[in-house]
Structures are given as structure tokens and as C-alpha cells.
Amino acid sequence: MSYDFNTIEAKWQAYWAENGTFRAENSSDRPKYYVLDMFPYPSGAGLHVGHPLGYIASDIYARYKRHKGFNVLHPQGYDSFGLPAEQYAIQTGQHPAVTTKENITRYREQLDKIGFSFDWSREVKTSDPKFYKWTQWIFTELFNSWYDNEADKARSISELEKVFSKEGNTKVQAVCDEDVTEFTADDWNGFSLKEKQKVLLKYRLTYLAETEVNWCPQLGTVLANDEIVNGVSERGGYPVIRKKMTQWSMRISAYAQRLIDGLNTIDWPQPLKDSQTNWIGRSEGASVTFKIKDHDEVIDVFTTRPDTIFGVSFMTLAPEHELVSKITTSEQKSEIEAYIEATAKRSERDRMADVKTISGVFTGAYAEHPFTKELVPIWIGDYVLAGYGTGAVMAVPCGDQRDYDFAKHFGIDILNIFEGIDISEEAFADKDNTIIANSDFLNGLKYKKAVKTAIYELEKLGQGEGKINYRLRDAVFSRQRYWGEPFPVYYVDGMPKMIDLKHLPIELPEVEKYLPTETGEPPLGRADVWAWDAEKNEVVANDLINHTTVFPLELNTMPGWAGSSYYFNRYMDPNNENEVFSQDAIEYWKEVDLYIGGSEHATGHLLYARFWQKFLFDIGITPVDEFAKKLINQGMILGTSAIVYRISGSNKYVSKGLKDQYDVEELRVDVNMINASDELLPEDLKNWQPQFKDAEFELEEGKYIVGREVEKMSKRWFNVVNPDGICEQYGADSLRLYEMFLGPLEQAKPWNTAGITGVHSFLKKLWKLYHDGEEFGVADTEPTKDNLKTLHKTIKKVEEDIENFSFNTSVSTFMIAVNELTAQKCNARAVLEPLLVLVSPYAPHIAEELWSKLGHNQSIATATFPLFEEKHLVESTKQYPISFNGKMRFTMELSLDLSKDDIEAAVMAHEKTQQQLEGRTPKKVIVVPGKIVNVVG
RNA sequence: GCUCAAGUGGCGGAAUUGGUAGACGCGCUGGAUUCAAAAUCCAGUUCUUUCGGGAGUGUGGGUUCGAUUCCCACCUUGAGUACCA
């Protein structure tokens, strides 16, 4: 009976589905363990072999944990809102929901073939109204909250209203918009309802504000900072410009410090933590207020170097700074306006590409130095970013290279405030190795002391204070798209109102086209039925809007990261219609124990999800404020493209070794035609595409050898390998083993189908081990010592490997075990049965098949992981090398269960050792059981 | 520029409380089996050699009886980020 993997795999996949083998219960006597993958966006292209890498790793771990006696939650779902389906809809008119459904079906088929132990009864889809009902609900909760800096947590907005009506806002320590003005309780109580709403909006954790956004004209939508890569959109690579728009934002900045602090409590990769820390960008310094000559307004700046305040010789504002128009003198007006216009036109990308050119314009206005009271000119320049700090800097040319370059370029004074430092060529930015000079009360002080003193003096003047600044900006939450969650928001008199939970979800309306309207409104503006009847509490036709009972609904939709920011909690109780999840469920599962996914989400999904989790914790519905205890980033699997060389201007192709003799063009061809020795059969190429039909070939040694190039797996390089094909040809177990065998989980590595024969022949050998000729057969005989040694060596190694996520090395361990047991002609049930349990997380189908043949009628998933016993390893002899003085080496037979003294005596008695020692006594004999004996003279 | 990670055969990679470097697999070479191929099995495969050996884990130092592993400096590659005041 041969190893018929196709039949076996189909059989067990059906069995698992029918029996609900991997269904997790929300309560158990066993300890819980939650293993999660980052859920996929179901794209039209389907899965390639790179996608399941992380899923296989997490599946191995989940299956292992079940063998170890845990109640394991291992769910899967789809992040099914997104741009590609919508772009496709725009081109074809096909409803994104239809495309998405088809893609999900395809994904599911592909996933099922690989034999994952997902609990599909818990599947979630972010585009499913049953799911996004809760995305909308969380949005309303954020709207109804503010951040209390004193309690360091989010609190209900109704509590804030009570405080305002009692004592105004002067004592409130809240994270809020910059432009909040002070008011008393009497002021507050005198405000109209609309005025109150306007004020509260400045405090809410999700708020509506006119902000500078990253606008992508080609995509017709705004983008978050993490959706822009190198100044162009992540999707499509289109240019991005700055634009002012009224948008919903999330006050993630309120959580900046907790997002940094929380990193210490979780086991995530250091590079990922570093990139989040960088992204949040905490810097300590001071805010300093500069008065402006002949104006009431002041300029606030943030600086990390208050110690250099006496080096200030000018100030620079970002061109977009709101004070620019107010302070510019009439003589300078035209020049300033021209400059502002020129900067606004430049795209993010141009600005980034051109960081060397120094540009700026003098406003004509002067600021007053807080200590010297001297006047310093106020400039604008695009090296100052509107989005960082206050969008204004106090320029200290001697201590900052950019200020220095600017000053040199425009002939502004450069004051030297560093003792014994030459600044004639460049600025001196090293803060640790200097003493301040020419700085009044700061003279003679070192950096740290000078900073403290400067802040103290500024506070005394009332013109500054110590401040911590974060680079992290609030996240824009509106997208001018169709295929996203609608906001549960309608507008009364221009002010947003939330729709109550009992009327959620607000479902996406049907539209004729998925493009913005002719008047520039988002696609939802095209919906006939898209207004809120506040009396009937339902969505009605938007032509009914009368502004007394029927109101316009928000036309934007939420960004892609909305649903993915809490889906991991929803898996705990996915079908709950009354709550996002029950308290029983979340108290039981608490958080994700192991999360596996790509590092590209470091500053997007993984940051937003941590933010929402902290918010949900603050409002008391999650028991922990970090959602994933441990996280592993799996590396990308790259494609190995195949290249043929065509002699220019002909249809003749030369083998790789001959290409240098000709003028050749490189063409990529389908990698699936290439064999293990990089050989391409000319016939295959001729049949592949019409253009090669009449191709001629120049071979080397009768073969056509292709060139190889490792690059991203992509259709356009013809280097995509599909898991379905592999499963058909070698089986899912081979695919699973090979994906792990390729290399360490975290590393990027190229795929090369040729190598899969190695793991495939391992499976065949494993199969043979349980068969005597054609017949299945194991014996109830006593295992030999060697049998047990092999088994226990394997148990130990595999257990260690899985715990350390070194799945690649355990595949090797299995191969060695099977080779050894085959050589030992082992057919003892006592060895072969536990061996299957070890193998089953990696190759579950073959394990189930052999397990059932062994007479078990329960899935192997319920079997207990075998117990390792040390004694089986030490009861044998081995050759040990002995080295003397690190130079002379020879070996001798030693039994491992000898005592240290015995070994020492044996070494001393050894003839060769005695020769080497020449009568001297060795200082020590080092014995490492199972490893080596070393004699030191 | 800044931050981080990594450098081991033809290739993917093993070995780190410091102890026989190159496990395991691919590829390659030879052999068995076969009419032949595939498949399977066996042997070999870091380099070098006058067959005694010698060299060897990016480079140069250091600690140690002993270093791929620890320390210092440098080089290279990859990733992230970038006018962050």
C-alpha cells in the first residue's frame, strides 16, 4: 500500500470539518491558549506559497499546544474591506461585495487544502454588517470619551460636561485640540447647545476637525501617514499632496506615552518595538514663548535644546503656520505669498527628494528674545514642518546644522555659545561634550544642568516650560471611498450626532457608480437612500431631507484599519448580537497568546490595534490593555525568477553559460517549467507562449540552463508558485514541512520548488516505517535501546524546537529519526505511536491516517505529547574525542554513565594520553555528558 | 544621516550557559537496480595537499587550554525611518 497523499488528505480534511475537531469552547478545565494569524485581505490573485508560511507556523504551534493539554483558540477570518475590490468595482461595475465574496471562496478552498486546524465556526469578515456593527459601536464609544491626563485614562464625555458646568475647563487636565480657550462654569452654562457641542468636539477621542491631510488625487481619498511610502501612496504608488479638509480624526496622540510604556510588557520583536518607538517619537525639551514686536500674538516653539537659547539669532515658521499672514509686513507680503504658493504646489515627494536646497523668506517681523530682549528676525522656510511640534523653531545656527546652513545662506548672524568650539565650518550638535558660554546665567554649565536652569528661568518669566513632544499625529479616520464601514453619524445643524447602538449597523447603501459625485462628494453621496430619519430611527431617502426630522448622514467611510483594530477580541465571541463580546468570553480568553504576522504592519495595524485595546480597557470591557502577549514576524518568501537570454533582434535563445558571447536581452519565464538543475526543456518554452513557438536554442552540453534571480513573488516576474499545485503534486503535508524546512521563520528566504523532494521522500519513508511490504504492520514487541534512544532524542529536540519556534530544525530531526529507525528495522508500536504525535503538528494528514490504522478512533489531535525520559539517552556508548592543550586530538571509547572520576581515570590510563602528557599530570579533565572530553595539561 | 538586524560550502541552512564547524536537505559525482526513464537504494561532496598534513565561520585585534559563539574596532549586505527642531 503506497503513500497516496491526495486521498488521505481529502479524507482527513473532510473528517475534521464534519467532526468539528478544532472547535474551541469558551470554558474548559484545561488552561487556555490563543494562537492568532493576521487575517488576510482576500485579493483576486489568490494565495501563493508565501502567504501560508505564518499560518503553517501558527498551526503547528496550535496543534502542539493541544497535544500539551491546552484549550486552544485558533480562528481565522478576512479583512475584507479595502481598496483593490473598490478599484476593480470602478473599472468593471461589479459590486465590491460580489468580488469579495468570490475571493473569499477561493481563499477558503486554498486554505482548506493545506489542512489548517482553524475553528471556522468563529470566522469573521470585517465587511459583514454583523461585524461592522461593532466597529461602528466602538466609534461611538470613542466619540463619547475624552482623555483625562490626571487619571491617565479615557473617561466618559458626560463626566466632562459635569465638570464644565461646575468649574469650567481651567482645572481640567485633558488631551484636547490646541485652540481650546479657557472658560468658567458660568461661561459654559451660558453656551448654546451648539456651542457646547463645538467645545466638546475638541475633547472627544474621535473628533471632526479641519486638518492638513495627505490627499491622493488618483485614488480620490486621503491617506494616513503609514499608508504613504517614500512620498507616494502605498497602494498604486501615486503622488500625495497636502490639502486642508474636514475629517474625522482619532486622538491616538493621547495614548502616545502608554503606547511606548506598554512595549515593555509584551514579548514582541525588538526591531518592531523600535520602529513603534521611533514612530511615536518622544522627545524631551521645552516649549518657549517668543513675543512678537508690535503684535499681540506670540510664537510658541518646541526645542530639545533650551540650553542654547542664547544662541538664537532668528526664528523660522513653517510656510503653513497660521501666524504668517498676520505678521508679514506689507513690503514682504508679495514675496511671502509667492513662496507659500510655491511650497503648497510641491508634492510630498518633491519636497523629500530635494532636501538640500535651502529656501525661505523674511516676513519683515521681529520676535523678542525672552532673556536678552533683543529683536530676532522671523523667517519662513520649508525646512520647518507644519506637522511637527508647533510648526515653528527658534533657530540656533551654532548648534543645529539646518539652522546653520539657513543662516549662512541668508547671511544671518551666527552666535557662538560654546566654549572653545570652532563653528566657522559647521554647527556643533554634540550636546554632551561642551560647556555653555556667552549665555548670561548659563555660562560655565554643562548640557544637563544648563537645560534645567534654562527651563527654570523660562518658567519664572512665564515664557516657557519643560515639555515632552511626540512625533505621533492624530490619525485621520475618514476615507472618501465606498468599500469601507459607514460612520454611524448624522448631522444636525452641522454638528455630528451618533446613532444609538440599537439602530446599528448602518449598512452600506447601494450606489450606481463607485466614484465621487460630480460635486466632489464621496461615493456615498450617490446613494438615493442615505439620510437619517431621527424620529423613525432609520435610513431613508436623501431627497426627504427636511432638516427637522430627517438629516444628512456622514458620506465618508472608515479606513482599512478600523475593523482590524479589535477583530482579535471578536473571535472570542463572534456571533454575539448584543455585545461586541461577552464579559465571560473575554475574561476567559483575555488576550492573544501568540500572534504571527508580517512586520510591514509595525506602524499601522499593530499600533492602531494597541491603541483601541487600551481604549477598550479604559472603558472597562477588556481585562488587559495589550492585546497580544507574544508576536512573531514571519519573513517573506521570495520568488526565484528564471531568466532566458535572447540574442538581440532574433528569436534565438542561448544557455546561461554562453550569454556573454552575445548581445542578449533577459526575459523572465515561468519558473514552474524549470527543473532542479536550472534546466529548461526547449519544448516547454515553445508551448508556453506563442512568441516562443518558433524559438531556436543554443544549448550547452545538450541542456538549456536558465539564469536565476531572487525577487519578490509576483505575476509580472512569472515566479509565482501556487500552493494548490504543490498540494496536488506532493501533498499538503509536504508543503507544510517544506515551508518550515526552508529556513528560520523570521527570515526572508527564496522559494525553490526543486528542494521539496527532500521532505517528500521523508514522508514516504515515514509511511514505509509503518508498513511491512504492502501491509500495514507494527508489532507489540519491546523496543530496543537504540529505538528508545532515537525516539527520546527526537522528543527532546522537537519539543525544544517548537517552544523556540525553530520549526526548520525539527524537520531535520524527523528525517534523522526516520532514517535511524529504518536502519534499526524498528516496528515497535511503543516507538512508532509516540513518533506520530511528534510529527502530527507538522504533517497532520499522514499522522491521522497512520494513527487510525494503529486502531485509534479519536483524532490524533486529542493525543498527549510524549514524555521525554533522559535515561534513554545516556545508556549507550559513543566515541569521544579528547583534545590536549587544544592541539592534539584523539578519540577513545567512554561510557556515558561513568562518573567523572571514572572518566578521568580512564583518560589517565589511556596509552596515547600518557604519551602526550609525558609524565605531567593534567590540570583538569572536562567532561560534558554526551558531548566531549577535554584534557588540559 | 539615524535606528535595527545579519555575514558559515555551489545553494537553503545546522551548531551559541564557549567544547569534534558544516547536521539535515537541495545540487553535483560515482555505483546498484532498469531494455530505458522516473522512482528507490548505497558511497562521496568546505578548500588545499607532495596524502604526512595544512587552512578555514566577512576583516583586524583581544579574553581563553579551547571562540562560529564573548569583548573592541572596521568592512559589507539587508530592513525600517528620514529636514523631528
Side-chain angles (χ1 to χ4, degrees), chain A residues 2 229-231 269-279 281-283 285 288 301-305 308 315-316 318 351-352 354-358 381-385 387-396 399-403 405-406 429 469-472 599-600 602-603 633 635-636 640 675-678 708 710 737-738 741-744 746-762 764-765 768 806 808-816 819 822 879-887 889-891 922-924 926-928 931-937:
Chain A
S2 65
V229 177
N230 294 329
Q270 196 55 43
L272 195 150
K273 287 186 180 181
D274 290 343
S275 99
Q276 288 208 349
T277 311
N278 267 334
W279 189 262
R282 176 191 157 107
S283 49
V288 185
V301 301
F302 173 75
T303 177
T304 53
R305 296 293 302 274
T308 63
M315 308 205 53
T316 316
R351 205 162 153 168
M352 281 171 63
D354 176 31
V355 297
K356 298 242 158 62
T357 315
I358 296 159
D382 67 359
Y383 81 97
V384 176
L385 304 173
Y388 183 77
T390 60
V393 302
M394 56 174 230
V396 183
D400 183 288
Q401 194 58 43
R402 290 155 305 169
D403 295 345
D405 294 340
F406 195 89
N469 191 59
Y470 298 92
R471 194 182 78 110
L472 184 69
S599 57
E600 66 272 20
T603 51
N633 290 132
M636 214 193 316
T640 312
N675 79 2
S677 353
D678 289 352
R708 310 301 310 244
V710 173
L737 282 168
Y738 190 51
F741 182 74
L742 275 177
E746 293 94 334
Q747 252 172 52
K749 50 217 167 243
W751 177 271
N752 200 339
T753 304
I756 202 170
T757 53
V759 294
H760 188 63
S761 71
F762 154 72
K764 285 194 275 194
K765 287 182 201 167
K768 270 192 191 162
S806 309
N808 53 328
T809 51
S810 21
V811 181
S812 300
T813 308
F814 290 138
M815 291 179 179
I816 296 167
N819 285 340
T822 304
Q879 281 223 319
Y880 289 94
I882 295 174
S883 75
F884 171 65
N885 269 356
K887 282 194 172 177
R889 275 200 196 111
F890 42 87
T891 61
K923 277 182 191 152
K924 56 178 174 178
I926 301 167
V927 181
V928 182
K931 278 189 179 168
I932 191 171
V933 179
N934 193 351
V935 187
V936 180

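Predicted model, so just to flag it, every value in this text is computed and none were measured. Any value given below was found using the heavy atoms of this structure, including those in side chains, with hydrogens, waters and symmetry copies removed. Here is the naming used below: chain letters follow the sequence lines, and residue numbers restart at 1 for every chain.
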How far, in whole Å, is [M] from [N] if one measures between their [atom1] atoms?
{"N": "B:rU59", "M": "B:rG7", "atom1": "P", "answer": "13 Å"}
{"N": "B:rG10", "M": "B:rU45", "atom1": "C1'", "answer": "11 Å"}
{"N": "B:rG25", "M": "B:rA36", "atom1": "C1'", "answer": "29 Å"}
{"N": "B:rC84", "M": "B:rC71", "atom1": "C1'", "answer": "35 Å"}
{"N": "B:rA85", "M": "B:rU63", "atom1": "C1'", "answer": "44 Å"}
{"N": "B:rU16", "M": "B:rC70", "atom1": "P", "answer": "12 Å"}
{"N": "B:rG18", "M": "B:rU68", "atom1": "C1'", "answer": "10 Å"}
{"N": "B:rA14", "M": "B:rA21", "atom1": "C1'", "answer": "10 Å"}

[atom1] of [X] versus [atom2] of [N]: gap in Å, rounded?
{"X": "A:K749", "N": "B:rA79", "atom1": "NZ", "atom2": "P", "value": "16 Å"}
{"X": "A:W279", "N": "B:rC4", "atom1": "CH2", "atom2": "P", "value": "19 Å"}
{"X": "A:E600", "N": "B:rG78", "atom1": "CD", "atom2": "P", "value": "19 Å"}
{"X": "A:R282", "N": "B:rC84", "atom1": "CZ", "atom2": "P", "value": "19 Å"}
{"X": "A:Q401", "N": "B:rC2", "atom1": "CD", "atom2": "P", "value": "13 Å"}
{"X": "A:N278", "N": "B:rA5", "atom1": "CG", "atom2": "P", "value": "13 Å"}
{"X": "A:D403", "N": "B:rC83", "atom1": "CG", "atom2": "P", "value": "15 Å"}
{"X": "A:R402", "N": "B:rC2", "atom1": "CZ", "atom2": "C1'", "value": "12 Å"}

Just jot down the side-chain hydrogen bond (donor to acceptor under 3.5 Å, both in side chains) partners of [X], sequence neighbours excluded, or say none.
{"X": "A:S283", "result": "A:Y388"}
{"X": "A:T308", "result": "none"}
{"X": "A:Q401", "result": "A:D405"}

Quick check: do A:L385 and A:Y383 have side-chain heavy atoms less than 4.5 Å from each other?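 Counting from C-beta outward, A:L385 and A:Y383 never come under 4.5 Å.
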Test item: A:V301 and A:M315 side chains (from C-beta on) under 4.5 Å apart, heavy atoms: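 Side chain of A:V301 against side chain of A:M315, heavy atoms only: contact under 4.5 Å found.
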Minimum-distance nucleotide (side-chain atoms of [X] versus [options]):
{"X": "A:R471", "options": "B:rU81, B:rG13, B:rU3", "result": "B:rU81"}
{"X": "A:D274", "options": "B:rC4, B:rC24, B:rA85", "result": "B:rC4"}
{"X": "A:S283", "options": "B:rG13, B:rA85, B:rU40", "result": "B:rA85"}
{"X": "A:Y383", "options": "B:rA14, B:rU81, B:rC83", "result": "B:rC83"}
{"X": "A:Y388", "options": "B:rG13, B:rA14, B:rC84", "result": "B:rC84"}
{"X": "A:D382", "options": "B:rA14, B:rC84, B:rC83", "result": "B:rC83"}

With nearest nucleotide decided by heavy atoms, which residue, A:T809 or A:G389, maps closer to the 5′ end of RNA chain B?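 Nearest nucleotide further toward 5': that of A:T809.
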Nearest nucleotide by nearest heavy atom, which residue falls closer to the 5' end of RNA chain B, A:K764 or A:Q747?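 Checking each residue's closest nucleotide, the 5'-ward one belongs to A:Q747.
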B:rG52, syn or anti by chi within 90 degrees of zero: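 Syn, which is what one calls it when the glycosidic angle falls within 90° of 0.
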Base of B:rG27 relative to its sugar, syn (within 90° of 0) or anti?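 Here the answer is anti: the torsion falls beyond 90° from 0.
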Counting only Watson-Crick pairs (N1-N3 plus N6-O4 or O6-N4) and G-U wobbles (N1-O2, O6-N3), all under 3.5 Å, who is the partner of [N]?
{"N": "B:rU63", "result": "none"}
{"N": "B:rU17", "result": "none"}
{"N": "B:rA38", "result": "none"}
{"N": "B:rG9", "result": "none"}
{"N": "B:rG44", "result": "B:rC28"}
{"N": "B:rG1", "result": "B:rU81"}
{"N": "B:rA23", "result": "none"}
{"N": "B:rG52", "result": "none"}

Once you apply a heavy-atom cut-off of 4.0 Å, does A:Q270 come out as touching a base, just sugar-phosphate, or nothing?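 Nothing: the residue A:Q270, judged by heavy atoms under 4.0 Å, touches no strand.
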Tell me what A:P750 touches on the nucleic acid: a base, only sugar-phosphate, or nothing, going by heavy atoms under 4.0 Å.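 Since no nucleic acid heavy atom lies under 4.0 Å of A:P750, the category is nothing.
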Between atom CZ of A:F762 and atom CD1 of A:I816, what is the distance when rounded to the nearest 0.5 Å?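 One gets 11.0 Å once the value is rounded to the nearest 0.5 Å.
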Pairwise distance CG(A:N278) to CG(A:L472) - rounded to 0.5 angstrom: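 CG of A:L472 is found 12.0 Å from CG of A:N278.
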Please evaluate residues A:D403 and A:M394 with respect to the criterion side chain to side chain contact (heavy atoms under 4.5 Å, CB included), reporting the C-alpha separation (whole Å), side-chain torsions for both, the decisive distance (0.1 Å), and the verdict. CA-CA 9 Å; A:D403 295 345; A:M394 56 174 230; over 6 Å; no
List, one per line, each side-chain donor-acceptor pair under 3.5 Å for residues 748-755 of chain A, sequence neighbours excluded.
{"from": "A:K749", "atom 1": "NZ", "to": "A:P744", "atom 2": "O", "distance (Å)": "2.8"}
{"from": "A:K749", "atom 1": "NZ", "to": "A:L745", "atom 2": "O", "distance (Å)": "3.3"}
{"from": "A:K749", "atom 1": "NZ", "to": "A:Q747", "atom 2": "O", "distance (Å)": "2.9"}
{"from": "A:W751", "atom 1": "NE1", "to": "A:T753", "atom 2": "OG1", "distance (Å)": "2.7"}

Report the residues that fulfil side chain to side chain contact (heavy atoms under 4.5 Å, CB included) with A:S599, sequence neighbours left out, ordered by chain and then residue number.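 Partners of A:S599 by the side chain to side chain contact (heavy atoms under 4.5 Å, CB included) criterion, ordered by chain and then number, come out as A:N633.
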Tabulate atom names and distances for all N/O pairs under 3.5 angstrom spanning the protein and nucleotides 25-32 of chain B.
{"from": "B:rC28", "atom 1": "OP1", "to": "A:S677", "atom 2": "OG", "distance (Å)": "2.9"}

At under 4.0 Å, does any side-chain N or O of A:N808 touch on OP1 or OP2 of B:rG12?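 Indeed not, no polar side-chain atom of A:N808 lies that close.
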